[in-house]
Amino acid sequence: MKKILMTLAAVAMAATVNAQVFVGGSVGVASVKVGSADAKTTYKFIPEVGYNFNDDWAVGVQLGYQKGACNLLTGSYGQDVETELFQVNPYARYTFLKSDLINLFVDGGVGFGSFKDLGTEFNIGFRPGVAVNLSKQLSFVTHVGFVGFDTFSPKGDGDSSNMVGVDFDNNNLTFGLYYNF
């Protein structure tokens, strides 16, 4: 039994040494304005963890929290609502352009969000991004926009709303830092 435990510990240490794990996250601040109403501010905190299989492919998951004005999809265009959002976004990342300083990538994934007392959101699509390699271990990362499908299902008797397309507004702009082990 002792030999088995020692073998498992050695395998676990070898896997950890060779692992290409990254941790970090993003923060975002946006201004939401619908029609002639006053602009309202929202902020996001999105911690993230992932694993690089090789130089091109990685998988990860974002766990996000958002508070403030949220632009919810409605049948009439948009509704500016003060709320809180908890979201989970697993993804696969493909890095298509690499250099010593800059990497260009796209995250393809699904997302689920729950708005406090308002409803749920589901999306599937792509988020392009740029990573600036500050050192071998530290990267500055930004995601810009969303291309895909997004649906919002309100609680109660309201109708669901859908969006298909490209969205490159300031609500889809985040900045973050990653630490690569």
Side-chain angles (χ1 to χ4, degrees), residues 3-30 42-68 70 84-115 120-152 163-181:
K3 289 181 183 180
I4 293 173
L5 290 175
M6 292 299 287
T7 303
L8 289 175
V11 169
M13 285 191 299
T16 303
V17 168
N18 292 325
Q20 298 296 316
V21 175
F22 58 91
V23 295
S26 301
V27 294
V29 177
T42 184
Y43 63 89
K44 299 176 183 180
F45 174 67
I46 309 168
E48 184 173 345
V49 63
Y51 179 82
N52 292 309
F53 290 109
N54 55 40
D55 287 342
D56 295 333
W57 287 99
V59 294
V61 64
Q62 298 174 329
L63 301 173
Y65 174 77
Q66 178 176 331
K67 183 173 174 130
C70 298
E84 294 179 45
L85 166 67
F86 175 76
Q87 60 191 33
V88 177
N89 299 307
Y91 64 86
R93 174 173 294 166
Y94 178 69
T95 303
F96 56 89
L97 181 65
K98 295 177 282 296
S99 73
D100 289 339
L101 184 61
I102 294 177
N103 296 342
L104 300 179
F105 62 87
V106 63
D107 290 349
V110 297
F112 174 78
S114 177
F115 290 90
T120 58
E121 181 179 31
F122 172 79
N123 64 58
I124 184 167
F126 300 97
R127 289 183 172 80
V130 177
V132 178
N133 303 317
L134 303 174
S135 70
K136 187 173 180 170
Q137 282 79 32
L138 193 62
S139 299
F140 174 78
V141 178
T142 184
H143 289 88
V144 183
F146 176 76
V147 178
F149 171 77
D150 195 358
T151 184
F152 174 73
M163 186 273 306
V164 176
V166 178
D167 188 4
F168 287 107
D169 67 7
N170 63 350
N171 288 319
N172 287 304
L173 177 65
T174 58
F175 300 100
L177 288 173
Y178 287 1
Y179 184 81
N180 301 292
F181 290 95

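As the structure is a computational prediction, the values presented were derived from the model and not from experiment.
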message: Just checking Phe45: does its CZ atom have more than 12 heavy atoms from other residues, nucleotides or ligands closer to it than 6.0 angstrom?
response: no

- prompt: Ring centroid separation for Phe115 and Phe152, is it under 6.0 angstrom?
  reply: yes

message: Quick test of your reading of the model: are Glu84 and Lys44 salt-bridged, counting only N-O distances below 4.0 Å?
response: no

- line: Rounding to 0.5 Å, atoms CG (Asp107) and CG (Asn89) come to a distance of 10.0 Å

field: Smallest separation among heavy atoms of Ile102 and Asn133, with atom names
entry: N-ND2, 4.2 Å

- request: Please say whether more than 12 non-hydrogen atoms of neighbouring residues, nucleotides or ligands are located less than 6.0 Å from CG in Asp100.
  value: no

message: With rounding to the nearest 0.5 angstrom, report the OG to CD distance, Ser26 to Gln62.
response: 6.5 Å

- request: State plainly whether the residues Arg93 and Asp56 are in salt-bridge range, i.e. N to O under 4.0 Å.
  value: no

- prompt: Would you say Pro90 and Val59 make side-chain contact, with heavy atoms under 4.5 Å?
  reply: no

message: Using 30° and 60° as the class boundaries, would you call the ring planes of Trp57 and Tyr94 parallel, tilted or perpendicular?
response: tilted

- prompt: Short question: side chain of Thr42, backbone of Lys67 - any donor-acceptor pair under 3.5 Å?
  reply: yes

No-hydrogen, no-angle side-chain donor-acceptor test under 3.5 Å, Tyr51 and Gln20: no

statement: When every non-hydrogen atom of Lys98 is compared with those of Asn103, the smallest separation belongs to CA-OD1, 3.4 Å

query: Are the aromatic ring centres of Phe22 and Tyr178 under 6.0 angstrom apart?
result: yes

Gln87 side chain near Leu63 side chain, heavy-atom distance below 4.5 Å: no

task: Examine Arg127 relative to Phe146 and say whether NZ or CZ is less than 6.0 Å from the centre of the six-membered ring and inside a 45° cone about the ring axis.
output: no

- prompt: Stepwise, does the side chain to side chain contact (heavy atoms under 4.5 Å, CB included) test hold for Val49 with Val61?
  reply: CA-CA 6 Å; Val49 63; Val61 64; 3.9 Å; yes

message: How close do Gly145 and Pro128 get, counting heavy atoms only, and between which atoms?
response: O-CD, 4.1 Å

- request: For residues Phe181 and Tyr179, establish whether the separation of their ring centroids is below 6.0 Å.
  value: yes

task: Can you measure from CZ (Phe140) to CG (Leu134) and round to the nearest 0.5 angstrom?
output: 8.5 Å

task: Tell me whether the centres of the aromatic rings in Phe105 and His143 are closer together than 6.0 Å.
output: yes

- line: OH (Tyr65) and CG (Leu85) are apart, to the nearest 0.5 Å, by 9.5 Å

- request: Any chance you could lay out the side chain to side chain contact (heavy atoms under 4.5 Å, CB included) test for Val141 and Phe175, step after step, and finish with the verdict?
  value: CA-CA 6 Å; Val141 178; Phe175 300 100; over 6 Å; no

Nearest non-hydrogen partners of Phe149 and Val164, listed with the distance: CD1-CG2, 3.5 Å

message: Within the structure provided, determine whether Asn180 and Ser139 are in side-chain contact (heavy-atom separation under 4.5 Å).
response: yes

